[in-house]
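Labels below follow one simple rule: chain letters A, B, ... track the order of the sequence lines, proteins then strands, and each chain is numbered from 1. Bear in mind the structure is a predicted one, so any value in this text is a computation, not a measurement.
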Amino acid sequence: MGVRDWLNERLRYEAAQAFLEKKAVPVHRYAVTYYTGGVTLFFFVVQVLTGLLLLMYYRPASDAAFESVRLIIAKVRFGWLVRNIHVWSANAMVGAAVLHLAATFFSRAYRKPRELTWVSGVLLLGVTLAFAFTGYLLPWNTLAYFATKVGTEIAGDVPVIGRALMVLLRGGEDITAATLIRFFGIHVAILPALATVLLGLHLTLVQIHGMSRPISVRVRGEERFYPEFMLRDFIVWVVLLGGLAVVATLWPWPLGEKADPLAPAPAGLRPEWYFLFMYQTLRMIPGRIAGLEGEAVGVTLFALTGLALLLVPFLDCWAQREHKHPLFPALGAAAFAFVLLMTALALVAGM
Amino acid sequence: MRPGALLRVLLVATAGLGIWAGWALLPGSSVQAAQTADSCTNCHQNLAGKLAAPAEGMSEDVHGRAELRCAGCHGGDPARSGMDAHDPAAGFRGVPQRRQVPQQCARCHEDPTFMRRFNPSLPTDQFARYLTSEHGKHLAAGDGNVAVCTSCHGVHPVRAVSDARSPVFPTNVPSTCARCHADVALMKPYGIPTSQFAEYRESVHGQALLRRGNRQSPACNDCHGNHGAAPPGVESVANVCAQCHRATRDLFVRSPHKRAFDTLGMAECTVCHGTHNISFPTDVMLGQEQGSVCLRCHPGGTAGLRAAAEMRATLEEVKAAIAQAEAILKRAAGAGMDVGDARIDLDEATSQLIRARAVTHTTSPPEVRRVTAVGLTAAGRARAVGEAALAEMGFRRRGLGVSVAIIAFVAILLWLKLRELKHTPASR
């Protein structure tokens, strides 16, 4: 008995191979959007691998975190590369997840029977943003410190539970060493566990239901998921790996100055690009709206929008009947335009 | 009225009386003020013009707050009202004559026992020092134009020196002195120049004190003395400067200049740096080029000038090494390399350069070189860190080139495989 047969007898991988070979991917003019999920998954894998390497040197203490990241960048062999790839890939992963969500939304791929695939996907986007938010503080530099202060203050604006939520996030009234340890725990234990469960569910559902065909788009034919589609996916991954290597080498992510809680907040302080629209909206919102605190109203509206996004498959009753109604794409386009406008305004204000 | 209602009225009235009494007995309340108010203030505040001014100013006068009120200086009996208070029998002296002011102030200010009751930290030798000052000497000689206590400290109100509105608050001292010393007509009889304030204002000290509000920087009194104000004189100038520039003074004393200046009767520091117009010292002051102060005494080709040129060259060597290291570190940092540790070496090199500049006061090139050698070594270390970072950057870019080539090769192989699959019947 050869090694292949020995392994197959135990792992039954030929059954999986046969399943994948049987699985078909529709070919049409928008088929390129099928790669957005794979791209997001690629960045996630990169994050896990580089994160594990960083974990070997990173120390989650307010008097050692910044120094340990400096050590990784300056002294650990290829530490600079691992850290830069981790940061760039984190940003790219947020971008890819948003792109994947947009592709799924506008092709109405959330319709029956893929409602739970959508729900798990939106939750995964939330987990991705939580990864980004908690990871941002870990180098314990000035920008991260004050951006986290502003970010957790926004959480404090949530009606009724805001203050408790802020104290829970910070591990106290202020951003302290307790916050750093808490964020580290969330970043390397809680979120990975959640992501594993959600990603497992998401990928299983994708395999069960296969790729969705957009409503009334002419499908030119099919191709096998394995090996053709997977190979093409893999080529994209390899090219992205090259791209990550280029940006990580030529544009190293600056570490900045160590956080000083007693120092005044630096001028032009603003959150990372993916939270800019929220930050700008809360800045522009009036102080009082109908007798209520403006920021609380804004945060509530964002929370309700998030909930609506989660429930899109159940709200779009036309899509459930395989009908194309322009309302949801119009709402989606308006939301994207709003996000782009607010981000642009925040960038212009910060110049 | 029912007994209950009567009792409530009595209780409210008693409580009200109690509160009023408590308030009235509080320090600073108007009731207490009325008890301590003297008839001088009561009358003068109702008078017009200059007769009212003293009463108005007294509320901010340091003496008024210490309850040394009008009668403390002017005598009289403030317990009596109207002109009765001006009774000479009660010690009324009226407005003191200008030349009497120092003795008048000294009555209290030179009495340590008396002063201890109000401000024990205040010196009590002001009058004794004043008598040694040029102002005091001229006053004793019958010159009524010279400054007396009130000329500088003001009158009605006399403010504490720590009060920023006081004419003798550090940042106000130069303009206070200039009121007389920049007055050409007033200074003419004494043959004193009047350009000091204009020069001081543009000097390194004046800019620090007057423009940047740095109270560490000296005002007139820090060099000339306060109450004992006098020109330092040739023999004392270096001591005056050494109050702040102690280390430089010690270096200068070791130099051949010390003996030469003493022999020639030259006032040490001021020979090169000036007096009121001391400008920020630059390296151009040293050496044999135009702008060098050495050229004022040392003719070209002499040993002194050669030593100056040598010291200047040594300084320039460190400056160039620091500039080079800085440029390399800036390039490396700009490319995202971490060169933070080199900053410590660069700071060390800069501090050695500053030290070397001070050591030039020894006029000894070997001594200057000993210091600059440490700076050069530190700058060299910083430069080495920068060069290593640039080399590492080159290595990274070469590595990136190789990696991208391998990645591209793998991508092409995968693409070829895909093409091959497309041509197999199963994929169609």
Side-chain angles (χ1 to χ4, degrees), chain A residues 17-18 21-22 24-25 27 66-85 87-88 139 141 220-258, chain B residues 325-326 328-347 381-428:
Chain A
Q17 193 177 334
E21 277 174 358
K22 227 187 295 174
V25 179
V27 177
F66 181 84
E67 287 76 7
S68 68
V69 179
R70 259 197 84 186
L71 179 92
I72 290 168
I73 295 170
K75 302 277 187 254
V76 177
R77 194 114 184 101
F78 292 109
W80 60 273
L81 184 63
V82 174
R83 191 252 172 179
N84 285 333
I85 287 183
V87 184
W88 276 110
N141 57 27
R220 293 199 297 266
E222 286 181 339
E223 69 172 356
R224 286 182 299 175
F225 181 78
Y226 176 86
E228 281 88 345
F229 184 83
M230 266 182 76
L231 203 56
R232 206 174 284 123
D233 225 358
F234 199 48
I235 293 173
V236 174
W237 287 28
V238 168
V239 170
L240 287 175
L241 184 67
L244 270 182
V246 170
V247 289
T249 309
L250 298 184
W251 293 283
W253 201 275
L255 177 59
E257 299 291 322
K258 185 177 177 173
Chain B
E326 260 177 345
I328 290 170
L329 290 172
K330 197 175 168 189
R331 262 182 65 202
M337 303 301 292
D338 181 53
V339 287
D341 289 343
R343 275 278 136 213
I344 299 164
D345 285 323
L346 213 53
D347 289 347
R381 281 198 303 270
R383 184 186 164 149
V385 170
E387 283 172 344
L390 288 178
E392 169 70 13
M393 195 174 78
F395 167 75
R396 288 180 186 183
R397 293 194 172 173
R398 283 193 299 278
L400 176 68
V402 173
S403 309
V404 168
I406 293 170
I407 288 169
F409 181 66
V410 171
I412 290 167
L413 283 182
L414 290 170
W415 181 70
L416 289 173
K417 177 70 182 166
L418 191 67
R419 278 193 57 171
E420 186 191 318
L421 281 171
K422 269 187 176 174
H423 292 99
T424 58
S427 67
R428 294 200 189 105

Trainee: Crowded around B/R331 CZ? As in, over 12 foreign heavy atoms under 6.0 Å?
Mentor: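 Open.
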Trainee: Can you name the residues of residues 383-394 of chain B that have some heavy atom under 4.5 Å away from a heavy atom in chain A?
Mentor: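 Near chain A, by residue number: B/E392.
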Trainee: Drop me the distance from B/I407's CD1 to A/L244's CG, to the nearest 0.5 angstrom.
Mentor: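 B/I407 atom CD1 to A/L244 atom CG measures 9.0 Å (nearest 0.5 Å).
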Trainee: So, using salt bridge (charged side-chain N to carboxylate O under 4.0 Å, His left out) as the criterion, who are the partners of A/E21 when residues are at least two apart?
Mentor: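 Residues passing salt bridge (charged side-chain N to carboxylate O under 4.0 Å, His left out) with A/E21: none at all.
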Trainee: Measure the shortest side-chain to side-chain distance between A/W80 and B/R396 over non-hydrogen atoms and say whether it is less than 4.5 angstrom.
Mentor: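 Heavy-atom side-chain distance check passes, below 4.5 Å.
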Trainee: Pick whichever of A/L250, A/V239, A/L241, A/N84 has the most heavy-atom pairs under 4.5 Å with chain B.
Mentor: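 With the most close heavy-atom pairs to chain B, the winner is A/L250.
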Trainee: Answer yes or no: are there more than 12 heavy-atom neighbours, outside A/Q17 itself, under 6.0 Å from its atom CD?
Mentor: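 Above 12, so yes.
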Trainee: Just jot down the salt bridge (charged side-chain N to carboxylate O under 4.0 Å, His left out) partners of B/D338, sequence neighbours excluded, or say none.
Mentor: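 A/R70.
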Trainee: Distance check, rounded to the nearest 0.5 Å: A/I73 atom CD1 versus B/M337 atom CE?
Mentor: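 That separation rounds to 10.5 Å.
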Trainee: Does any backbone or side-chain atom of B/F409 lie under 4.5 Å from a heavy atom of chain A? Answer side chain, backbone, both or neither.
Mentor: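 Neither part.
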Trainee: Name the option with the most non-hydrogen atom pairs under 4.5 Å to chain B; the candidates are A/A74, A/G242, A/P252.
Mentor: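 Looking at each of A/A74, A/G242, A/P252 in turn, A/P252 comes out on top.
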Trainee: How many angstroms lie between atom CD1 of A/I235 and atom NZ of B/K417, to the nearest 0.5 angstrom?
Mentor: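 It is 12.0 Å, given to the nearest 0.5 Å.
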Trainee: Hey, which residues of residues 397-406 of chain B are touching chain A, say heavy atoms under 4.5 Å apart?
Mentor: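 Listed by number: B/R397, B/L400, B/V404.
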Trainee: Nearest 0.5 Å, please: how far is CZ in A/R232 from CG in B/L418?
Mentor: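 One finds 5.0 Å between CG of B/L418 and CZ of A/R232.
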